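What you see is a predicted model; the values in this text were computed from it and never measured. Reckoned from all heavy atoms, side chains included, excluding hydrogens, waters and symmetry mates. For this chain, numbers begin at 1 and follow the sequence in order.
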Amino acid sequence: MDQDIREAFDKITCDEQMKARTRAYVCERMNRGRRLIPSRMKWAVSLACLLIFVTSGFGGYRLYYTEAATISIDVNPSIELGINRWGKVVEEVTYGKESETVLSSVSLKHLEYEEALERLLSSEAMKKYLKKDALVSITLEDGNSNQQLLTNLQECVDKTLEQCHNGVKAEYASVDQHMCKEAHNHGMSVGKYNAIQELLTVDPQATVEEFKDKSMKEIKGHMEHCEHKNQSFQDDSVDQQPADGSCSEQKGCHKSGSHHH
């Protein structure tokens, strides 16, 4: 039977043109199959890369806007800058209309913190507040207690004030997150709140609300007067009152026994 089948197929013949067409068709189908798998793989790989890009991009976006430190700049306008781990300004917070007016004319977002401070302090909007004998308070809240960051702030601010505002003094402080949270609960910048807390140690009868809208110069002036008064008590010279009437209600230092509600 096998012999009969072979003999039957031996009788089947085709010309060279048909053989060529058949060969071409078979090759084309084989190549199409080979292309199909890589094409699908490329699509899958592309989709995977896209998903990785999207998820990592979202994570990177969130990481960029995560605050690592807060810098409070207080004169009378009080402004806080939120800084990310790369030292970029990612948030601006104003306290009061004066601060809003200043930041409406100065863009600080996404700048390095040193450039942001230089631009802010040298701006036209800040000139009216940085007159001779003004006091600028720079307060840093940094969860990592980065002393180098505070040193950099001091160098940057001192240089800018020297170049742009001769006679303006600056002071620097570092506080913890608890102080920052308390300040925000009172609707205040951490720098001004910290200064008022220092004032309360020498004048316990003072209140946060009483000095909330005062300038840093006024807060420090009141504290110096009260320190002088307390020293006078310690030196048994209570009866010797200065001719200018310091430590009076007008100067802002409470008289002994007075109360504020």
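Here the straight-line distance linking atom CD of Glu118 with atom CD of Gln163 works out to 7.0 Å at 0.5 Å rounding. In this structure, the separation between CG on Leu81 and CG on Leu103 is 7.5 Å, given to the nearest 0.5 Å. Separation of atoms CD (Glu100) and CD (Glu92) is listed at 12.0 Å; rounding is to 0.5 Å. In this structure, Glu124 CD and Met126 CE are separated by 12.0 Å, a value rounded to the nearest 0.5 Å. Note that the CZ atom of Arg119 and the CG atom of Leu108 stand 7.0 Å from one another [nearest 0.5 Å]. Distance check: Asn76 CG to Lys128 NZ gives 10.0 Å after rounding to the nearest 0.5 Å.
Comment: Glu162 does not engage Lys159 in a salt bridge, judged by the lack of any side-chain N to carboxylate O separation of less than 4.0 angstrom.
Exactly one residue among Ser189, Ser215, Ser99 makes a side chain to side chain contact (heavy atoms under 4.5 Å, CB included) with Asp74. That residue is Ser189. The side chain to side chain contact (heavy atoms under 4.5 Å, CB included) with Lys220 is formed by just one residue from the set Lys169, Glu198, His225; it is Glu198.
Arg62 approaches Thr66 most closely through the heavy-atom pair O-OG1, 2.7 Å. Contact detail for Ser72 and Val190: the closest heavy-atom pair is CB-CG1, 3.5 Å. Summarising the geometry of Gly187 relative to Tyr95, their closest heavy-atom pair is O-CD2, 3.4 Å, with the distance given to 0.1 Å. In terms of heavy atoms, Val102 sits closest to Ile79 at CG1-CD1, 4.0 Å. Closest of all the heavy-atom pairs between Asp176 and Glu141 is O-CG, 3.6 Å. Contact record, Glu67 with Thr70: OE1-OG1, 3.6 Å, taken as the closest heavy-atom pair.
Annotation for Lys212: atom NZ counts as buried by contact number, over 12 foreign heavy atoms lying within 6.0 Å. Atom CG of Asn166 has 12 or fewer heavy atoms from other residues, nucleotides or ligands within 6.0 Å. Residue-environment remark: NZ (Lys214) stays at or below the threshold of 12 foreign heavy atoms within 6.0 Å.
Proximity of Lys109 to Lys88: side-chain heavy atoms (C-beta onward) are nowhere separated by under 4.5 Å. Annotation: side chain of Leu135 is not in contact with side chain of Val75 (no heavy-atom distance under 4.5 Å). Side-chain contact between Trp86 and Leu63 is present, with at least one heavy-atom pair separated by less than 4.5 Å.
Both Leu120 and Ile83 belong to a single network of hydrophobic side chains, linked directly or stepwise wherever heavy atoms of I, L, V, M, F, W or Y lie under 4.5 Å apart. Follow the hydrophobic side-chain contacts under 4.5 Å out from Met179 and you reach Leu200 in the same cluster. Note: the hydrophobic cluster containing Leu161 also contains Ile71 (ILVMFWY, side chain heavy atoms under 4.5 Å, direct or indirect links). Residues Leu140 and Val90 do not share a hydrophobic cluster, clusters being chains of Ile/Leu/Val/Met/Phe/Trp/Tyr side chains in contact below 4.5 Å. Leu150 and Met216 sit in two unconnected hydrophobic clusters of ILVMFWY residues. Membership requires side-chain heavy atoms under 4.5 Å apart, directly or through other members.
Asn152 pairs by the side-chain hydrogen bond (donor to acceptor under 3.5 Å, both in side chains) definition with Tyr113, Gln148, not counting sequence neighbours. Taking the ring pair (Phe, Tyr, Trp, His ring centres under 6.0 Å) definition, one finds that Tyr172 meets it with nothing, sequence neighbours left out.
Ring planes of His110 and Tyr65: perpendicular class, angle over 60° (limits at 30 and 60°).
For the pair Asp142 (side chain) and Ala69 (backbone), a donor-acceptor distance under 3.5 Å is absent.
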Before you tell me yes or no, could you show the steps for His178 and Glu182 under side-chain hydrogen bond (donor to acceptor under 3.5 Å, both in side chains), namely the whole-Å CA-CA distance, both residues' side-chain angles and the distance that decides it to 0.1 Å? CA-CA 6 Å; His178 178 71; Glu182 282 190 357; 2.8 Å; yes
